[in-house]
Amino acid sequence: MRPSSTVNGTPQHIDLQSIPLPPQRGAGNAAAVDTTSARPPYAAWESRYRAWVVGSDVFTAFVLIMMSAFLIDRSDPHDMHALGTAAAFLFGLSVCRAWSPRVLGEGAEEYRTLGRGLVATAVLVALGGLLFGALAVQPWVFIVVPMISVFMFLQRYALRQVLHRRRRLGECLLPVLAAGSPDTVADLIARTKADPHVGWRVEAVCTYSGAGADRGSGEVEGVPVVGKLDDLAGHVRRGGYRVVAVTADQHWNPKRLQRLAWDLEGTSAEMVVAPMLMEVAGPRLNVSGVLGMPLLRVSAPQFTGGRRFVKEVLDRFGSALLLTLVSPLLLAIAVAIKLDDRGPVIYRQRRVGRDGHTFTMLKFRTMVTNADKLKQDLQAENEGAGPLFKMRKDPRVTKVGSMLRRYSLDELPQLLNVVSGRMSLVGPRPPLPEETVKYAPDARRRLLVKPGLTGLWQVSGRSDLSWAESIRLDLRYVEDWSLALDLVILWKTFRAVVQGRGAY
């Protein structure tokens, strides 16, 4: 039910400033929570944003279809080609729920849904051509629909960035009432504050006792506790909350949750229940009915199979293509390193890959030639998290190396590791052997997949992350990997590298 942002390079003129926002209620004190007047079920900005998404998708598709009809069929016009493609587009995206408010802004899920809709469009066009004898549909299937897809993904992305900017300013957020134990609610509040682009703002809390984290306290992380779990439905109806987030608590039981779901019927609120497996999400979770009971099925993570084969092919082909495209840059960097101190251009280091097998990772040398020997003298100044050794102002880094590290250009030779099959374009950070010796059992799960040139750690802060957070992100990738997630990470990596965030 929650709207979200979307993409493209064209609609930069969109002005979400004109969107009426829900009342901006403070979260810092109980008086700020007005439970006497319900808000409308949908804020104006939500319906207007969805209209922009649908309108921009339809406008782009129809403009490209009309242009294609003129260019492809100008000598022998076949209106059925254009009309059939337009009908397939509308039907495919509607059936695949690419415009559903539940997926708009849902991270990779929005792009997965859009991708399924566009694939369905191509299949419908091809089948329609066979069914009605319009056999000259190849350009429409293999050129027009892919072209529409490219523009549409860019369009969704641009729209999403507009919405994310507003959300970072504290606007266009969905009011949330969180219910559960003070500890789990506090964790939810911290996550929503750290990632405002998700679009949630916890404005009120209900706990079993009606108290906060500290006995007698009326707040949890600055958010007022407005009542007990049994009072939850009444507060939702009076306060007009859009999301009821149910977090773990020993007092939740099937009967109480079922009663809550019934009580919320007819309200504008969506009930969201956080499972105990907090870091498992996406395609691995499925709800099915067995013996009349709703069961949450958690499938095992897939480390082999068709999708992994596709990832392997894309990794090797993509890295080979990138090496070809950036070869002039690689030559220029090599010359700059050589002229700087006459030392070797490439730095070779043993790293641990999939299943604990070691390999030689390649990087452009960014430090002085005796950097490994000097490391022992700098241990007291280590700023790295966990077993990592990091220094913001490492005296061993050369002038050329400092520039290369800022924009991660020193990592480019690792494309050779990807071509050879030792690494992947996207995956966990490749650790040093001495780091893995100190790994706890959960951290060792990072070694179930190939290490990556980039990953969730790269697009989430890189060296600014704590050790626990970097492990959490790597495990999340291992558990919930998908091709769509890889594409999102690759795009975000480009942005993080250009901005130089978290690199030193």
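A donor-acceptor pair under 3.5 Å is formed between the side chain of Arg167 and the backbone N or O of Cys172. A donor-acceptor pair under 3.5 Å links the side-chain atoms of Thr398 to the main chain of Thr366, judged by distance alone. Panel note: side chain Arg354, backbone Lys450; no donor-acceptor pair is recorded below 3.5 Å. Looking only at distances, a side-chain donor or acceptor of Thr324 sits under 3.5 Å from a matching main-chain atom of Ala320. For Ser94 (side chain) and Phe91 (main-chain N/O), no donor-acceptor pair under 3.5 Å exists by modelled atom type. Judged by distance alone, the side chain of Arg351 and the main-chain N or O of Pro430 form a donor-acceptor pair under 3.5 Å. In this structure, the side chain of Arg444 engages the main chain of Thr436 through a donor-acceptor pair within 3.5 Å.
Considering only heavy atoms from C-beta on, Ile346 comes within 4.5 Å of Pro413 through its side chain. Looking at Met147 and Met67, their side chains never come closer than 4.5 Å, going by heavy atoms from C-beta outward. A 4.5 Å side-chain heavy-atom check between Leu409 and Phe364 finds every atom pair outside the cut-off. Contact check for Leu159 versus Val53: side-chain heavy atoms found under the 4.5 Å cut-off. The side-chain heavy atoms of Lys311 and Ser424, taken from C-beta on, include a pair separated by under 4.5 Å. Between Arg201 and Pro196, every side-chain heavy-atom pair lies at or beyond the 4.5 Å cut-off. Contact annotation: the side chain of Val419 approaches that of Leu323 to within less than 4.5 Å [non-hydrogen atoms, C-beta and beyond]. Contact check for Met361 versus Arg348: no side-chain heavy atoms found under the 4.5 Å cut-off.
Between Phe62 and Phe89, the ring planes lie perpendicular to each other; the angle is over 60°, past the 30° to 60° tilted range.
With rounding to the nearest 0.5 angstrom, the CD1 atom of Ile148 is 12.0 Å from the CD1 atom of Ile143. Here the straight-line distance linking atom CH2 of Trp491 with atom OH of Tyr111 works out to 9.5 Å at 0.5 Å rounding. Atoms CE and CG, on Met66 and Leu64 in that order, are 11.0 Å from each other to the nearest 0.5 Å. Rounded to the nearest 0.5 Å, atoms OG1 (Thr85) and CG (Leu90) are 11.0 Å apart. For the atom pair CG of Leu322 and CZ of Phe317, the computed distance is 10.0 Å after rounding to the nearest 0.5 Å. Rounding to the nearest 0.5 Å gives a distance of 9.5 Å between CG of Leu362 and CE of Met423.
When the side-chain hydrogen bond (donor to acceptor under 3.5 Å, both in side chains) test is applied to Arg365, the partners found at least two apart in sequence or on another chain are Asp341. Residues passing the side chain to side chain contact (heavy atoms under 4.5 Å, CB included) test with Ser402 are Val397, sequence neighbours excluded. Considering only residues two or more places apart in sequence or on other chains, Arg168 meets the salt bridge (Lys or Arg N to Asp or Glu O under 4.0 Å) condition with none of them. For Lys363, the salt bridge (Lys or Arg N to Asp or Glu O under 4.0 Å) partners are Asp410, Glu411, not counting sequence neighbours. Partners of Thr247 under the side-chain hydrogen bond (donor to acceptor under 3.5 Å, both in side chains) rule, at least two apart in sequence or in another chain, are Thr184. With sequence neighbours left out, the side-chain hydrogen bond (donor to acceptor under 3.5 Å, both in side chains) criterion links Asp57 to Trp99, Gln155, Arg156.
Between Pro139 and Ile72, the shortest heavy-atom distance links the atoms CB-CD1, 3.8 Å. The shortest non-hydrogen separation linking Val137 to Gly129 is CG1-CA, 3.8 Å. Across Gly455 and Val426, no two heavy atoms sit closer than the pair CA-CG1, 4.3 Å. The nearest pair of heavy atoms linking Pro344 to Thr369 is CD-CG2, 3.9 Å. Counting all heavy atoms, side chain and backbone alike, Leu314 lies closest to Leu425 at O-CD1, 4.2 Å. Annotation for Pro328 and Leu325: closest pair CD-O, 3.7 Å, computed over non-hydrogen atoms.
For the pair Arg50 and Trp45, the cation-pi test (distance below 6.0 Å, angle within 45°) is failed.
Surrounding CZ of Arg422 are at most 12 heavy atoms belonging to other residues, nucleotides or ligands under 6.0 Å away. Under a cut-off of 6.0 angstrom, the local environment of CZ in Arg350 is crowded, with over 12 non-hydrogen atoms contributed by other residues, nucleotides or ligands.
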Verdict with reasoning, Val272 to Trp200, per side-chain contact (heavy atoms from CB on, under 4.5 Å): CA-CA 12 Å; Val272 179; Trp200 284 16; 4.1 Å; yes
Full working for side-chain contact (heavy atoms from CB on, under 4.5 Å) between Val54 and Leu93: CA-CA 10 Å; Val54 177; Leu93 265 66; over 6 Å; no
Worked verdict on Arg116 versus Arg97 for side-chain contact (heavy atoms from CB on, under 4.5 Å): CA-CA 9 Å; Arg116 285 195 293 267; Arg97 302 181 62 81; over 6 Å; no
From CA spacing to verdict: side-chain contact (heavy atoms from CB on, under 4.5 Å), Leu174, Glu270: CA-CA 11 Å; Leu174 296 177; Glu270 175 185 13; over 6 Å; no
Check against salt bridge (charged side-chain N to carboxylate O under 4.0 Å, His left out), Glu109 and Arg102: CA-CA 10 Å; Glu109 181 59 27; Arg102 289 183 179 272; over 6 Å; no
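Between Val123 and the options Thr121, Val125, Leu127, a side chain to side chain contact (heavy atoms under 4.5 Å, CB included) holds for only Leu127. Each of Leu475, Val449, Leu456 was scored for a side chain to side chain contact (heavy atoms under 4.5 Å, CB included) with Pro428, with one residue passing: Val449.
In the model, Asp486 has a side-chain atom that pairs as donor or acceptor with a side-chain atom of Trp481 under 3.5 Å. Under 3.5 Å, the side chains of Tyr439 and Arg446 contain a donor-acceptor pair of N or O atoms. With 3.5 Å as the limit, one finds a donor-acceptor pair spanning the side chains of Arg112 and Ser482.
A salt bridge does not link Arg191 with Asp195: every distance from a Lys NZ or Arg NE/NH1/NH2 to an Asp or Glu carboxylate oxygen is 4.0 Å or more. Between Arg316 and Glu312 there is a salt bridge, since at least one side-chain N of the basic residue sits less than 4.0 Å from a carboxylate O of the acidic one.
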